[in-house]
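Worksheet: the structure to be examined is printed underneath.
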Amino acid sequence: AIDTQKSLALRGSRYGSSNRPFVFKSTELEHELFAGDQSAAFAIKLYNKAKSSIPAFTLPPPVYTSMVKVCAETGLVSDLVAIVSDMKAVQILPNPALFGPMIQAFASTGDLQAANQCYADYRSLAVARSTSDLQHDLDMQVYAALIKAYFTCGHKEAGLRFYEKILQSYENAMDASLLTEAMQST
């Protein structure tokens, strides 16, 4: 919805005039639709309506990814869980880049158990991927998210133990600085 609004604003400034912001009536109607409610809750409402109205409703993986990301960023954790569950039901695995934000979302609600389960799911995916598909930076971001989750949920000592365990699992001192950078950026 946010990207659509940006696109519509750009089109309005490019092709519109002071009397009429859009050249086509359909574009104007689209703008009114998205201007009326630009929240994640609106997208979730549309998703739930489609899911309940259309048999065997599924979305392309990138759309699921966007919805999960928005839910994580806006704190709609119960909707996040429902969408990930729907994805799994149709054999769509979450994009690995979502695990850091999902862990942070669970931590923001104080649910360290769900954050740990999310990390375990990520770890399973990471172990299953091929050795030529190393995503070292992403691994560091997920580790950093879990360490922050421990701190957010009041388990500082457990977070420090996990941090030490990660550092010990890497031989290269550069990994420590990468993990520190990831912690600062998440």
Side-chain angles (χ1 to χ4, degrees), residues 1-3 6 37-45 47-48 59 61-89 92-186:
I2 294 169
D3 290 340
K6 288 178 186 176
D37 191 349
Q38 56 184 305
S39 67
F42 179 65
I44 300 302
K45 188 166 113 178
Y47 171 75
N48 288 333
L59 295 170
V63 177
Y64 279 119
T65 297
S66 294
M67 291 184 64
V68 170
K69 184 178 179 187
V70 165
C71 287
E73 291 172 350
T74 58
L76 298 172
V77 177
S78 61
D79 293 317
L80 179 153
V81 170
I83 293 169
V84 170
S85 176
D86 292 346
M87 290 171 67
K88 289 178 181 178
I92 297 175
L93 295 174
N95 182 316
L98 292 174
F99 285 87
M102 289 191 314
I103 290 169
Q104 291 173 342
F106 290 127
S108 72
T109 64
D111 193 348
L112 186 57
Q113 182 178 355
N116 272 308
Q117 181 57 52
C118 190
Y119 168 73
D121 292 346
Y122 175 79
R123 188 178 61 216
S124 295
L125 287 174
V127 168
R129 68 182 178 227
S130 71
T131 55
S132 64
D133 184 26
L134 295 178
Q135 297 181 8
H136 191 66
D137 290 343
L138 183 57
D139 291 345
M140 291 298 167
Q141 290 170 11
V142 172
Y143 298 150
L146 186 60
I147 292 165
K148 284 185 171 186
Y150 279 113
F151 277 73
T152 299
C153 295
H155 296 276
K156 179 181 174 182
E157 294 302 318
L160 290 172
R161 282 193 306 273
F162 182 72
Y163 177 74
E164 290 297 323
K165 180 180 169 184
I166 295 302
L167 289 181
Q168 289 173 5
S169 70
Y170 288 98
E171 298 171 6
N172 187 345
M174 184 65 154
D175 291 326
S177 64
L178 288 173
L179 181 56
T180 303
E181 287 175 26
M183 288 178 65
Q184 292 170 346
S185 69
T186 57

Quiz item: Mind checking what makes side chain to side chain donor-acceptor pair (under 3.5 Å) contact with Tyr119, not counting sequence neighbours?
Solution: none

Quiz prompt | Atom of Val84, atom of Pro94 and distance for their closest heavy-atom approach | solution = CG1-CG, 4.2 Å

Quiz prompt | Pair listing, salt bridge (charged side-chain N to carboxylate O under 4.0 Å, His left out) test, anchored in residues 98-125, at least two apart | solution = Lys88-Asp121

Quiz item: Who are the ring-ring contact (aromatic ring centres under 6.0 Å, His included) partners of Phe99, not counting sequence neighbours?
Solution: Tyr122

Quiz item: Would you say the side chain of Tyr143 lies within less than 4.5 Å of the side chain of Ile103, judging by non-hydrogen atoms?
Solution: no

Quiz item: Pairs in or reaching into residues 155-164: which pass salt bridge (charged side-chain N to carboxylate O under 4.0 Å, His left out), with residues at least two apart or in two chains?
Solution: none

If you look only at distance, which donor and acceptor atoms sit under 3.5 Å apart when one is on a side chain in residues 61-72 and the other is two or more places apart or in another chain?
residue: Tyr64; atom: OH; partner: Leu59; partner atom: N; Å: 3.4
residue: Thr65; atom: OG1; partner: Pro61; partner atom: O; Å: 3.0
residue: Ser66; atom: OG; partner: Pro62; partner atom: O; Å: 3.2

Quiz prompt | Cys118 side, atom SG; Gln104 side, atom CD - distance, nearest 0.5 Å | solution = 10.5 Å

Quiz item: Taking only residues two or more places apart in sequence or in another chain, which ones pass side chain to side chain contact (heavy atoms under 4.5 Å, CB included) with Ala97?
Solution: Asn95, Leu138

Quiz item: NZ/Lys148 to CG/Leu146 distance, rounded to the nearest 0.5 angstrom?
Solution: 12.5 Å

Exercise. Locate the shortest heavy-atom distance separating Val142 from Gly100; write the atom from each residue and the value.
Key: CG2-N, 4.0 Å

Practice problem: Could you list the residues that satisfy side chain to side chain contact (heavy atoms under 4.5 Å, CB included) with Val81, not counting sequence neighbours? | Solution: Val77, Phe106

Practice problem: Using the side chain to side chain donor-acceptor pair (under 3.5 Å) rule, collect all pairs that involve residues 73-86, keeping only residues at least two apart or in two chains. | Solution: Tyr47-Asp86, Lys51-Asp86

